[in-house]
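So the structure is just underneath, and the comments pick up after that.
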Amino acid sequence: MKSFLHVQDIGPLDAALAEAADVKRNPFAWKSLGKNKTIILIFFNNSLRTRLSSQKAALNLGMDPIVLNVNGDSWKLETEMGVVMDGDSPEHLREAIPVIGSYCDMIGVRSFAGLKDRDFDYNETIINQFIEYSGKPVISLESGTVHPCQAFADLITIREHSLKKRPKVVMTWAPHPRALPHAVPNSFAEWMNAADVDFVITHPEGYELDPSFVGDARVEYDQMKAFEGADFVYAKNWSSYTHYGRILSDDRTWTVSSRQMAVTDNAFFMHCLPVRRNMIVTDEVIDSPRSLVIPEAANRVVSAQVVMKRMLEEI
Ligand code: AN0
Ligand code: CP
């Protein structure tokens, strides 16, 4: 695996899930695989889970993690090609990336969508430069359009808690005061479409996601109807894709509460975190015994470890 952005990069999902179960059961079994290997984790944006779970996954594999916070600790990096660098940024990605690549064996990159220029974000302009110029395997830690480590952890969590062979999984938009990227819902849709689940997406009109990620998923604009009989409810806010990066609705009736959960089949509640309580989900639902947000976050170590392990096995 030279890069990890999409569900296809991990190959057959049954094998990936079986490997995840092995890694979870015995996290230190591959401790010698990463000996004398280094992963550099580059953060252009904030993080709690991704930053810690990626380091923990690397440590479990015997690898040395180094974390760089671009904008905080390093020179501010120019990301656009062909510009006259007379602004804020003293260094360009074009030099920084091969330098970073020369210090490590593997790279993880977090670079959120800027939500200003759809082509720049949807061309994965930043992480693709890492793939092209670093000479090392590259993992998306949420990039312009995808958050694959999250979606893989979500799938692991669903499989661990599903009593049905083909559970009904509903991804619902929920209100949020800031414009958020599409990476989490895009990847969740991509992974659910590839998995053996009955997948439904619900959101107010105007919040349609990129059709290439929605694929054949059912889209239902009536949230209550979408929730009927659900086994898993996956809440997330995202900004508009068509009116790129804009907030079109603050409809608080979309906040996930016991009103919607009542029509599900005693569904589990999921969210990638960080979550704004009583905006995305009520206290009652997130604090209920059906909430999976903590085991879901814990599985971020497992998903990251499977990906790093696969990459180490190919180095
Ligand atoms: C980010 C997002 O929605 O993409 C990160 C989620 C993992 N969330 C926020 O910025 C609140
Ligand atoms: N879910 C997730 O990626 O969280 P962080 O932004 O804290 O890394």
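Both ligands and their constituent atoms are indexed starting at 1 by order of listing. Position 1 is the first residue of the sequence; numbering continues from there.
Of all the heavy atoms of Phe112, the ones lying under 4.0 Å from any atom of ligand 1 belong exclusively to the side chain. Proximity of Glu142 to ligand 1, defined as any heavy-atom pair under 4.0 Å, is confined to the side chain (atoms from C-beta onward). Contact annotation: for Arg49 versus ligand 1, there are no heavy atoms closer than 4.0 Å.
Taking distance alone, with nitrogen or oxygen atoms compared against 3.5 Å, Arg51 stays at or beyond that limit from ligand 2. In terms of N/O distances under 3.5 Å, ligand 2 is approached by His147. Residue-to-ligand polar distances keep His147 apart from ligand 1: every N/O pair is separated by 3.5 Å or more. Ligand 2 has no N or O atom lying under 3.5 Å from any N or O atom of Pro274, backbone or side chain.
When Asp198, Val233, Asp231, Val197 are each tested for a side chain to side chain contact (heavy atoms under 4.5 Å, CB included) with Val169, only one passes: Val197.
Neither side chain, Asn186 nor Thr145, offers a donor N or O lying under 3.5 Å from an acceptor on the other. When only modelled atom types and interatomic distance are considered, Glu208 and His203 share no side-chain donor-acceptor pair under 3.5 Å.
Contact between Glu142 and ligand 2 is absent, with no heavy atom of the residue lying under 4.0 Å from the ligand. Within the 4.0 Å heavy-atom shell around ligand 1 one finds Lys236. Contact between Pro181 and ligand 1 is present, with at least one heavy atom of the residue lying under 4.0 Å from the ligand.
Scanning all protein heavy atoms for the shortest distance to atom 11 (C) of ligand 1 gives Leu180 CD2, 3.8 Å. Distance from atom 4 (O) of ligand 2 to its nearest protein heavy atom, with residue and atom name: Arg49 NE, 2.8 Å.
With Phe44 as the aromatic partner, Arg110 does not meet the cation-pi criteria of under 6.0 angstrom to the ring centre and within 45 degrees of the ring axis. With Phe199 as the aromatic partner, Arg218 does not meet the cation-pi criteria of under 6.0 angstrom to the ring centre and within 45 degrees of the ring axis.
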